[in-house]
Amino acid sequence: MSTPTCTISVIYYSSTGNIAAMAEAMGEGAAAAGADVRVRKVRETAPPEAIAYNPTWAEFVEATKNDPEATLDDVDWADGIALGSPTRFGGPASQLKAFLDTTGGLWAQNKLVDKVGTAFTSVSTAHGGLESTILAINNHFYHWGSIVVPLGYENEHLLKVSGNPYGASFVARKGAAPDDVALTAARIQGERLARITAWIRAGRDAQAGTESAS
Ligand SMILES: Cc1cc2nc3c(=O)[nH]c(=O)nc-3n(C[C@H](O)[C@H](O)[C@H](O)COP(=O)(O)O)c2cc1C
C-alpha cells in the first residue's frame with residue numbers, strides 16, 4: 001500500500017441521514033486522492049422525547065448507534081477537516097456546534113493552525129440557507145487559523161449541474177435522500193480537500209526537512 005498523502009477527518013452531524021450520506025461520499029473522494037480518511041459523526045445531544053417525535057430521526061439514531069463518534073483526536077490527527085451539518089434555521093445544527101466548542105484546548109495549544117478546512121450542508125428548501133450555514137461553519141476555521149477551501153467551480157459538474165461554489169449542498173425536497181448530483185459534488189469536494197491538503201503537508205514536511213538538515 002502506498003503512503004497516504006495526508007490525513008483527512010470528515011466530521012458531521014445528521015439527524016435523518018442526508019448529511020451522513022454526503023459525509024461518506026466526501027470521505028470516498030478524499031480516499032481516492034490518496035488520503036488516510038476518518039468519517040465520524042458527532043454525538044447526538046437532543047433529548048429522547050424530541051427524537052421520538054420524528055420517526056425518521058429515531059430510526060436513523062437507532063441505525064447509527066454503533067457508528068464511531070468524533071473525538072478531539074480526530075481533529076488533532078487530521079491535516080484537513082470537512083465539517084458537515086444540516087441547515088437549522090439558516091445555520092449549523094447545535095450538535096455540531098457543541099462538538100466544535102470542545103476544541104478550545106487544541107486551539108489554545110495552536111494545534112488547529114494551518115489545518116485545511118471545508119464545509120457542506122443540506123436543506124429542505126432551495127433557498128433555505130445553504131450558504132449561510134456553510135459560511136457559519138467556516139467561521140470556526142477562521143478562528144482556528146485554518147486554510148479554507150471552498151468547492152468552487154473547477155469542473156463541468158460544479159459549474160453546470162450542482163452549482164454551489166460554497167460547498168456540496170443537497171436540497172431534500174419531500175424527504176428525498178441525496179441524489180447523484182449532491183453525492184458527486186461531495187466526492188469532488190473530498191478529493192479537492194485531500195489534494196490541496198496534501199500539497200500543504202508536503203510543503204510543510206519539506207520545509208521541516210530543510211530546517212533540520214541546516
Ligand atoms: C429544527 C430544524 C430546522 C431546520 N431549518 C431549516 C432551514 O432553515 N432551511 C431549510 O431549508 N431546511 C431546514 N431544515 C430541514 C433540514 O435542514 C433538512 O431536512 C436536512 O436535509 C436534514 O439533513 P439530515 O438528514 O442530515 O439530518 C430544518 C430542520 C429542522 C429539524
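Just so you know, ligand 1 is whichever comes first in the structure, and atom 1 is the first atom listed for that ligand.
Residues satisfying the side chain to side chain contact (heavy atoms under 4.5 Å, CB included) criterion with Y53, sequence neighbours excluded, are absent altogether.
Salt bridge D67/R40: absent, no basic N to carboxylate O contact under 4.0 Å. In this structure, E154 pairs ionically with R195, as a charged nitrogen and a carboxylate oxygen lie closer than 4.0 Å.
Pocket lining of ligand 1, defined as residues with a non-hydrogen atom under 4.0 Å away: S14, S15, T16, G17, N18, I19, P86, T87, R88, F89, G90, S122, V123, S124, T125, G128, A172.
No side-chain donor-acceptor contact under 3.5 Å links S122 to the backbone of S169. The main-chain N or O of V75 is never found under 3.5 Å from a side-chain atom of K111 such that the two would form a donor-acceptor pair.
For the residue pair S15 / R88, a side-chain donor-acceptor distance below 3.5 Å is found, with atom types taken as modelled.
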